[in-house]
Undergrad: 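The structure follows.
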Amino acid sequence: MRWSRAFIPTIKEAPADATNASHVMLTRAGYVRRIGAGIYEYLPLGLRVLHKVERIVREEMDRAGAQEVLMPALLPSDYFRETGRWDVFGDNLLRLRDRKGGDYHLGPTHEEIITDMVRREIRSYRDLPRNLYQIQNKFRDEPRPRGGLLRCREFVMKDAYSFDVDEAGAAASYELMRQAYTRVFDRMKLHYRMVQADSGSMGGSTSAEFQVLVQSGEDFLTACDSCGYAANLEVAQCREPAASEPSTPTPACSKVSTPNAGTIEEVSTFLKASPDRFLKSLLYAAGDDVVLAVVRGDHEINEIKLARALGVGEVALATEEQIVKATGAKVGFAGPVGFKGRVLIDRDAAVVHAAITGANETDFHLVNVEFKRDFDAQVADLRSVVAGDACPRCAKGKLAVYRGIEAGHIFILGTHYSAKMRANFSDEKGVEKPIIMGCYGIGVSRLVATTVEQFNDADGILWPMSIAPYHVIVVGLGQDAAVTEACEKLVAGLEERGVEVLFDDRPERPGVKFKDADLIGIPLRVTVGAKGLAAGGVELKPRTERDPKKAEILPLESAAQLIAERVRAMMA
RNA sequence: CGGGGCGUAGCGCAGCCUGGUUAGCGCACUUGACUGGGGGUCAAGGGGUCGGUGGUUCAAAUCCACUCGCCCCGACCA
């Protein structure tokens, strides 16, 4: 491709509303344009990258024995009504109505549709297992699209769905997908972790997320430094603390005045006691009840764990009125001692001795509080892991905390959809049973942006060879006939060898071309100029090399061959 | 949905508080000259329903009301 004929609108200044690296880079480099909140156009370079990601995903899905299908984006409401998601999805579902008044929506995910496709055709265990996948645009009316391409209202997603006769079969399908995912992310050279994750409300048993590690990630993860344990912070566990006795008997619990000191920080300063001696008491609304959850002062409560311990779907922080009503005190003075209602305490909070808590009385706290002696509560794991916690899996490991972007999620669904939709098969004995399903997503368009988040520098993008829009950029300097001739010859030689070449033949100054080449991030740059030709050939420099003086001089005659080999090596 | 902010040339912004006659700046764009290995210099140009509607006023980018769009923080998020 000749740049002089290409549509690659690079710009110096990104729109002011671009806040993260991928949005800024992809916009400046002419890959995408935003035309609405969470709605993007893919320009030629952007589409080439998107297609390359799709191709890798397709190849690995096919290799794992899955087959591609295409489902409608426009869906009649019947299917989602059948499983209740017409209501469950709420405002996240992009709904519309046709001229006859019929309810429709744009598909946010296609479990119901694929389940319907399968139930109409699959009758027998002989028809199973099967794995079907789709790569297509999906729609969610996000409450707040953000992060450029990272969270859009319309996005490209690969979803695979597996259908098995039993749990063992489903586990095997899941394992195949796990391996396929590993291959996909490896081929893209991403730095990622597979982590345990919350299966969500959709009743999955086994599930794992593929998190790409980047500082700008929305998710927090933890991983052990010595074994393979890794989990999303939502569900991450740490080792249970050892039980301990106070070194000296704790004096009787007593009340102290702490005027206007409601936060841990204020009371901690006021009483000159470190936060880890506090029992932080938080009130939560769980269904119709208000419960008290207690964690150590320096820890943060994890609402997913709390909900699980309570056996409810979700919990919400109590309102100010609820707090005042339940404790009889202003916000900031709640405590477990004397609390009338259900109390849960985190394992680490339960082993604090001579603790400090709110007194359920405005402007007062209690000191020398002892769990069991002064109050009782249900002990549970309620807090989020913090860096430095002991690994729950191995004896010596410490947990580190990272940030990541969720690029993939695999899980076993069981019979959640098949039971509701009567997607059954007959087993060997003729007994009708629901199909065991799994589903496996990859955010394809999100992956484009995620890769840029991980691979960029001050000058622009650094694509991995496997998904770069072009393998090589040939930069011709000056209007010299000899230079032009050398460029043409090199470009032809590379294209003959299957190398994808962008040839910058524009009559621009060298500085402009070099800046643009860095910005769009093609992995290999070949500079062809009078100077280089005089010195023996063309100059090859990887995008990762900052110093132009370190470019290799390749003889023009053999350059195409050598560069083609280099491309192949970088692809692997 | 709660809080904060922004809509003025393709992009980035000033002007608005304190209304006033041709609405400015940088980048980008066009033309010419010089220049030519990391976003060059000089000169001359073109480009605007000031988000929309209504109101106040002799006069509105500027004041008021409504409205649409967008961004950020939070809530939410397969």
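Note on naming: letters A, B, ... go to the chains in the order of the sequence lines (proteins, then strands), and numbering restarts at 1 for each one.
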Undergrad: With Asn232(A) as reference, evaluate Arg193(A), Gln196(A), Glu209(A), Glu406(A) under the side chain to side chain donor-acceptor pair (under 3.5 Å) test and give the passing residue.
TA: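 Exactly one candidate clears the test, Glu209(A).
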Undergrad: Please check if the side chain of Asp504(A) supplies one atom and the backbone of Arg506(A) the other of a donor-acceptor pair under 3.5 Å.
TA: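 Side chain of Asp504(A) to backbone of Arg506(A): a pair is present.
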Undergrad: Tell me the interatomic distance from Glu142(A), atom CD, to C72(B), atom P, rounded to whole angstroms.
TA: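 So the two atoms are 13 Å apart, to the nearest Å.
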Undergrad: Heavy atoms from C-beta onward define the side chain here; which of A78(B), G37(B), G38(B) lies closest to that of Lys515(A)?
TA: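 The answer is G38(B).
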Undergrad: From the list C77(B), G37(B), A78(B), which nucleotide is the closest neighbour of the side chain of Met157(A)?
TA: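 Looking only at side-chain atoms, Met157(A) lies closest to A78(B).
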Undergrad: May I ask you to say what Glu539(A) touches in the nucleic acid, namely base, sugar-phosphate or nothing, with a heavy-atom cut-off under 4.0 Å?
TA: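 Base contact - Glu539(A) has a heavy atom under 4.0 Å of at least one base atom.
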Undergrad: Return the pairing partner of G38(B) with a 3.5 Å limit on both distances, Watson-Crick or G-U wobble; otherwise return none.
TA: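 WC or wobble partner does not exist here.
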Undergrad: Around atom CD of Gln67(A), are there more than 12 heavy atoms from other residues, nucleotides or ligands closer than 6.0 Å?
TA: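 Counting neighbours around CD of Gln67(A), 12 or fewer heavy atoms of other residues, nucleotides or ligands fall under 6.0 Å, so no.
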Undergrad: Is G74(B) paired to anything, Watson-Crick or G-U wobble with both distances less than 3.5 Å, and if yes, which nucleotide?
TA: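 Base partner found: C1(B).
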Undergrad: Measure CZ/Phe155(A) against C1'/A78(B) and give the value in whole Å, please.
TA: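 In whole Å, A78(B) C1' and Phe155(A) CZ are 8 Å from each other.
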Undergrad: To the nearest Å, give me how far apart CG (Asn232(A)) and P (A78(B)) are.
TA: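 The distance from CG of Asn232(A) to P of A78(B) comes to 11 Å, rounded to the nearest Å.
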Undergrad: Please measure how far the P atom in U8(B) lies from the corresponding atom in U41(B), and state the result in whole Å.
TA: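 Going atom to atom, P in each nucleotide, I get 28 Å.
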Undergrad: G37(B) P sits how many Å from Ile553(A) CD1, rounded?
TA: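 So the two atoms are 16 Å apart, to the nearest Å.
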Undergrad: Using Watson-Crick or G-U wobble geometry with both distances under 3.5 Å, which nucleotide pairs with G10(B)?
TA: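 Partner of G10(B): C27(B).
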Undergrad: Using purine N1 to pyrimidine N3 plus N6-O4 or O6-N4 for Watson-Crick, or N1-O2 and O6-N3 for G-U wobble, each under 3.5 Å, what pairs with G54(B)?
TA: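 WC or wobble partner is C64(B).
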Undergrad: Quick check: are there more than 12 heavy atoms from other residues, nucleotides or ligands sitting under 6.0 Å from CD of Glu175(A)?
TA: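 It does: Glu175(A) CD has more than 12 such atoms within range.
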Undergrad: With P as the reference atom in both, quote the distance from U22(B) to U31(B) in angstrom, rounded to an integer.
TA: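 Rounded to whole Å, the distance is 32 Å.
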Undergrad: What's the separation between atom CZ in Arg153(A) and atom CG in Asn137(A), rounded to the nearest 0.5 Å?
TA: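 Between atom CZ of Arg153(A) and atom CG of Asn137(A) there are 14.0 Å.
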Undergrad: Using purine N1 to pyrimidine N3 plus N6-O4 or O6-N4 for Watson-Crick, or N1-O2 and O6-N3 for G-U wobble, each under 3.5 Å, what pairs with U49(B)?
TA: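 Its partner: none found.
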Undergrad: Rounding to a whole Å, what distance do you find between Glu218(A):CD and G74(B):C1'?
TA: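 Interatomic distance, CD of Glu218(A) to C1' of G74(B): 13 Å.
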Undergrad: Please list, by residue number, the residues of residues 6-20 of chain A whose heavy atoms come closer than 4.0 Å to an atom of RNA chain B; answer none if no residue qualifies.
TA: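 When residues 6-20 of chain A is checked for heavy atoms under 4.0 Å from RNA chain B, the hits, listed by number, are Lys12(A), Glu13(A), Ala14(A), Pro15(A), Ala16(A), Asp17(A), Thr19(A).
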Undergrad: Would you measure the distance from the C1' atom in A75(B) across to the matching atom in C1(B) and give it in whole Å?
TA: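 These two C1' atoms come out 8 Å apart once rounded.
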Undergrad: Report the distance from atom OG1 of Thr319(A) to atom CD1 of Ile323(A), rounding to the nearest 0.5 Å.
TA: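 Taking OG1 in Thr319(A) and CD1 in Ile323(A), the distance rounds to 7.0 Å.
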Undergrad: Between the protein and nucleotides 3-5 of chain B, list the N/O to N/O atom pairs that are separated by less than 3.5 angstrom.
TA:
none

Undergrad: When you match Glu406(A) and Pro145(A) each to their closest nucleotide on RNA chain B, which lands nearer the 5' end?
TA: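 Final value for this comparison: Pro145(A).
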Undergrad: Is Arg509(A) side chain donor-acceptor paired with the G40(B) base, going by distance under 3.5 Å alone?
TA: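 By the distance-only test, yes, there is a pair.
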Undergrad: Would you indicate what Arg28(A) reaches in the nucleic acid, counting non-hydrogen atoms under 4.0 angstrom: base, sugar-phosphate, or nothing?
TA: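 Counting heavy atoms under 4.0 Å across all strands, the contact made by Arg28(A) includes a base.
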Undergrad: Would you kindly give the CZ-to-C1' distance between Phe514(A) and G36(B), to the nearest whole Å?
TA: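 That distance rounds to 12 Å.
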Undergrad: Categorize Asp518(A) for me: base, sugar-phosphate, or nothing, with a 4.0 angstrom heavy-atom threshold over every strand shown.
TA: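 Base contact.
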Undergrad: What nucleic acid atoms does Tyr440(A) come within less than 4.0 Å of, heavy atoms only: base, sugar-phosphate, or nothing?
TA: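 Nothing, no nucleic acid heavy atom in range.
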Undergrad: For nucleotides G46(B) and G52(B), find the distance between their C1' atoms and express it as a whole number of Å.
TA: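 Rounded to whole Å, the distance is 28 Å.
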Undergrad: To the nearest 0.5 angstrom, please state how far the NZ atom of Lys280(A) sits from the CZ atom of Arg383(A).
TA: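 Reported to 0.5 Å precision, the distance equals 11.0 Å.
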Undergrad: Side-chain donor-acceptor pair under 3.5 Å between Ser216(A) and Glu453(A), yes or no?
TA: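 There is such a pair between these side chains.
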Undergrad: Could Arg2(A) and Glu488(A) be called an ion pair, given the rule that one side-chain N must be under 4.0 Å from one carboxylate O?
TA: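 Judged by the 4.0 Å cut-off on N to carboxylate O distance, Arg2(A) and Glu488(A) do form a salt bridge.
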Undergrad: Without decimals, in angstroms, what is the distance between Ile473(A) CD1 and G38(B) P?
TA: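 Result: 16 Å.
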Undergrad: Using a 4.0 Å heavy-atom cut-off, does Asp516(A) contact any base of the nucleic acid, only the sugar-phosphate backbone, or nothing at all?
TA: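 Base, at least one base heavy atom under 4.0 Å.
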Undergrad: Look at the side chain of Arg525(A) and the base of G38(B), then say whether one donor and one acceptor between them are separated by less than 3.5 Å.
TA: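 Side chain to base: pair present.
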Undergrad: What's the OH-P distance between Tyr181(A) and A78(B), to the nearest Å?
TA: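 These atoms are roughly 15 Å apart.
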Undergrad: Pro469(A) and Ile522(A): which non-hydrogen atoms are nearest, and at how many Å?
TA: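 That closest heavy-atom pairing would be CG-CD1, 3.8 Å.
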Undergrad: What distance, rounded to whole Å, do you find between the two P atoms, one in G10(B) and one in G2(B)?
TA: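 To the nearest whole Å, 34 Å.
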Undergrad: Classify the angle between the aromatic ring planes of Trp86(A) and His105(A) as parallel (below 30°), tilted (30 to 60°) or perpendicular (above 60°).
TA: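 Aromatic pair Trp86(A)/His105(A) classed perpendicular.
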Undergrad: Give a yes or no on whether a donor-acceptor pair under 3.5 Å exists between the nucleobase atoms of C77(B), that is its base, and the side chain of Arg151(A).
TA: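 Counting by modelled atom types and ignoring angles, a donor-acceptor contact under 3.5 Å is found here.
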Undergrad: State which residues pass salt bridge (charged side-chain N to carboxylate O under 4.0 Å, His left out) with Glu142(A); sequence neighbours excluded, sorted by chain then number.
TA: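 Salt bridge (charged side-chain N to carboxylate O under 4.0 Å, His left out) list for Glu142(A), sorted by chain: Arg151(A).
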Undergrad: Can you figure out which of A78(B), C76(B), C71(B) approaches the side chain of Arg146(A) most closely?
TA: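 Looking only at side-chain atoms, Arg146(A) lies closest to C76(B).
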Undergrad: Between G19(B) and A61(B), how far apart are the two C1' atoms, rounded to whole Å?
TA: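 Looking at atom C1' only, G19(B) and A61(B) are 10 Å apart.
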Undergrad: Side chains of residues 31-40 of chain A: which donor-acceptor pairs under 3.5 Å do they make with residues two or more places apart or in other chains?
TA:
unit_1   : atom_1 : unit_2    : atom_2 : d
Tyr31(A) : OH     : Trp463(A) : NE1    : 2.8
Tyr31(A) : OH     : Ile520(A) : O      : 2.6
Arg33(A) : NH1    : Thr27(A)  : O      : 2.7
Arg33(A) : NH2    : Pro9(A)   : O      : 2.8
Arg34(A) : NH1    : Gly36(A)  : O      : 3.2
Arg34(A) : NH2    : Asp17(A)  : OD2    : 3.2
Tyr40(A) : OH     : His23(A)  : NE2    : 3.3

Undergrad: Determine the Euclidean distance between corresponding C1' atoms of C70(B) and C34(B); express it in Å to zero decimal places.
TA: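 Between the two C1' atoms, the distance is 44 Å.
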Undergrad: Using heavy atoms and a sub-4.0 Å distance, could you list which residues of residues 526-533 of chain A are near RNA chain B? By number, please.
TA: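 Under 4.0 Å from RNA chain B: Thr527(A), Gly529(A), Ala530(A), Lys531(A), Gly532(A).
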Undergrad: By salt bridge (charged side-chain N to carboxylate O under 4.0 Å, His left out), which residues pair with Glu13(A), not counting sequence neighbours?
TA: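 Glu13(A): no salt bridge (charged side-chain N to carboxylate O under 4.0 Å, His left out) contacts found.
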Undergrad: Pick the P atom in G5(B) and in C63(B), then give their distance to the nearest Å.
TA: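 15 Å, rounded to whole Å.
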Undergrad: For RNA chain B, whose closest nucleotide is more 5', that of Glu303(A) or that of Val512(A)?
TA: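 Upstream on the strand: Val512(A).
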Undergrad: So, does Arg34(A) get its side chain near the phosphate of C70(B), meaning an N or O under 4.0 Å from OP1 or OP2?
TA: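 So the side-chain polar atoms of Arg34(A) never come under 4.0 Å of the phosphate oxygens OP1 or OP2 of C70(B).
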Undergrad: Do we see a donor-acceptor contact under 3.5 Å between the side chains of Ser4(A) and Asp505(A)?
TA: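 The criterion, which ignores hydrogens and geometry beyond distance, is satisfied for Asp505(A) and Ser4(A).
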